[in-house]
Amino acid sequence: MKSILFILTNHADLGTTGKKTGFWISEVAHPYNFLKDKYNLVFASPLGGPSPVDPGSLEAHKDDPEVKAFLADAEAQRLVATTVVLNTLDPKDFDAVLYPGGHGPMYDLANDAFSLGFAARMYEQSKIVAALCHGPAGIADVKLSDGSFLVSGKNVTGFANTEEDAVQLSAFMPFLLEDKLKQNGGVYTKKADWASYVVVDGRLVTGQNPASGHELANKLHEMLG
């Protein structure tokens, strides 16, 4: 059975808002539910241990049957509560890596040296690198062994500036994801705010927003076979 690594955030504070963040529940739940019976799934984070879930996402998806199923899934909750320390893992053991979003990755995965290097090694070992919503923050600054940015010259998407504005959090972000992807050479495109949109460029797969989780998981499955 092929293996997919979910790299989650450890960051729980939403900038200077006084609010909490973490991973966005549907961006883990939707891919997990679709992939769990097809692949070996491993959850990791830079520090290991519990990955915080954004409380706002729990409220937003309180009536989502897939999120309800995920929260009632003992194995899923074990994976979230006991993420593996990322630097104990080796890219050779995985066929794909997925960076889910939520605002947490903007603060830790965006500049975690081991995580950035892990994604680079995955890509250079001909593995699939996928990222959803704010998850591309974890790959935007990835540099390959030739010194080029992973996203340079590649078709990508991610949480749009207009979406960040709509949730009134642009001023609290350490950077704007759309801008960062463009600055590092990514050929950024998007659809309407909150519409599902996934871009595949070779072995790089990106999704625009929380609504894109199902589509991204399906693309991963198509590519992994």
Side-chain angles (χ1 to χ4, degrees), residues 3-15 21-24 27-28 31-32 35 39-54 79-152 154 156-159 173-181 183-186 201-207 213 216 220:
S3 296
I4 302 173
L5 177 64
F6 284 53
I7 297 184
L8 303 183
T9 183
N10 294 117
H11 190 89
D13 295 315
L14 187 54
T21 188
F23 70 86
W24 196 260
E27 296 176 34
V28 175
Y32 172 87
L35 299 168
Y39 303 95
N40 174 47
L41 303 182
V42 176
F43 284 20
S45 65
L47 302 178
S51 177
V53 59
D54 187 310
L79 289 169
V80 169
T82 61
T83 65
V84 180
V85 178
L86 181 58
N87 69 12
T88 66
L89 299 177
D90 192 316
K92 69 178 176 56
D93 296 323
F94 300 94
D95 301 282
V97 61
L98 170 59
Y99 288 82
H103 284 95
M106 297 284 286
Y107 298 91
D108 62 352
L109 296 177
N111 49 37
D112 184 87
F114 190 88
S115 177
L116 294 170
F118 194 98
R121 287 186 288 155
M122 287 286 292
Y123 191 80
E124 293 188 326
Q125 291 175 21
S126 299
K127 311 296 182 68
I128 297 168
V129 175
L132 176 61
C133 193
H134 285 94
I139 63 169
D141 277 336
V142 168
K143 284 190 174 182
L144 302 176
S145 56
D146 65 2
S148 67
F149 285 109
L150 167 62
V151 299
S152 181
K154 297 189 181 69
V156 294
T157 191
F159 203 63
M173 292 297 102
F175 58 90
L176 293 178
L177 180 55
E178 177 182 332
D179 291 351
K180 174 65 74 73
L181 290 168
Q183 287 164 10
N184 290 350
D201 192 328
R203 289 174 287 101
L204 181 62
V205 185
T206 47
L216 185 141
L220 270 181

Could you pull out the closest heavy-atom pair between Ala137 and Leu177, with the gap in Å? N-CD1, 3.5 Å

Output for pair (Asn40 CG, Ile4 CD1), nearest 0.5 Å, gives 9.0 Å

Separation of Leu5 CG from Ile128 CD1 (nearest 0.5 Å): 13.0 Å

Under 3.5 Å donor-acceptor pairs involving side-chain atoms of residues 110-118, not counting sequence neighbours:
unit_1: Asp112; atom_1: OD2; unit_2: Phe114; atom_2: N; d: 3.3
unit_1: Asp112; atom_1: OD2; unit_2: Ser115; atom_2: N; d: 2.8
unit_1: Ser115; atom_1: OG; unit_2: Tyr99; atom_2: OH; d: 3.0

Asn184 side-chain N/O to Ala140 backbone N/O, donor-acceptor pair under 3.5 Å: yes

For Asn10 and Leu47, indicate whether the former's side chain and the latter's backbone hold a donor-acceptor pair under 3.5 Å. yes

At their closest point, which heavy atom of Lys143 faces which heavy atom of Ala120, and how far apart are they? O-CB, 3.5 Å

Taking all non-hydrogen atoms of both residues, which atom of Phe6 and which atom of Leu41 are closest, and how far apart? CE1-CD2, 3.9 Å

If you apply the rule side chain to side chain contact (heavy atoms under 4.5 Å, CB included), what do you find for Thr21 with Asp13, and how did you get there? CA-CA 6 Å; Thr21 188; Asp13 295 315; 5.8 Å; no

Thr206 side chain to Thr157 backbone, donor-acceptor under 3.5 Å: yes

Please give me the minimum heavy-atom distance between Gly22 and Pro105, naming the atom from each residue. O-CD, 4.1 Å

Run Val142 and Val151 through side chain to side chain contact (heavy atoms under 4.5 Å, CB included) and show every step you take. CA-CA 8 Å; Val142 168; Val151 299; over 6 Å; no

Verdict with reasoning, Asp54 to Phe23, per side chain to side chain contact (heavy atoms under 4.5 Å, CB included): CA-CA 6 Å; Asp54 187 310; Phe23 70 86; over 6 Å; no

Does any N or O in the side chain of Glu27 come within less than 3.5 Å of the main-chain N or O of Pro100, such that one atom is a donor and the other an acceptor? no

Could you give the side-chain donor-acceptor pairs of residues 87-98 under 3.5 Å, partners two or more places apart or in another chain?
unit_1: Thr88; atom_1: OG1; unit_2: Val85; atom_2: O; d: 2.6
unit_1: Asp90; atom_1: OD1; unit_2: Lys92; atom_2: N; d: 2.9
unit_1: Asp95; atom_1: OD2; unit_2: Ser3; atom_2: N; d: 2.8

Which value, rounded to the nearest 0.5 Å, describes the distance between Leu79 atom CG and Ser51 atom OG? 11.5 Å

Over all atoms of both residues, closest heavy-atom pair of Pro52 and His11: CG-O, 3.6 Å

Please confirm whether the backbone N or O of Lys154 pairs with a side-chain atom of Asp201, one donor and one acceptor, at under 3.5 Å? no

Check: Leu220 and Pro31 side chains under 4.5 Å, non-hydrogen atoms: no

With sequence neighbours left out, which residue pairs that include part of residues 120-152 fulfil the ring-ring contact (aromatic ring centres under 6.0 Å, His included) condition? His103-His134, His134-Phe159

All heavy atoms of Pro136 vs all of Gly158, minimum pair found to be CG-CA, 4.2 Å

Rounded to the nearest 0.5 Å, what's the gap from CD on Gln183 to CG on Leu176? Could you check? 9.0 Å

Check whether any side-chain N or O of Thr83 sits under 3.5 Å from a backbone N or O of Phe43 as a donor-acceptor pair, and report yes or no. no

Applying side chain to side chain contact (heavy atoms under 4.5 Å, CB included), run through Val80 and Val53 and close with a yes or a no. CA-CA 9 Å; Val80 169; Val53 59; over 6 Å; no

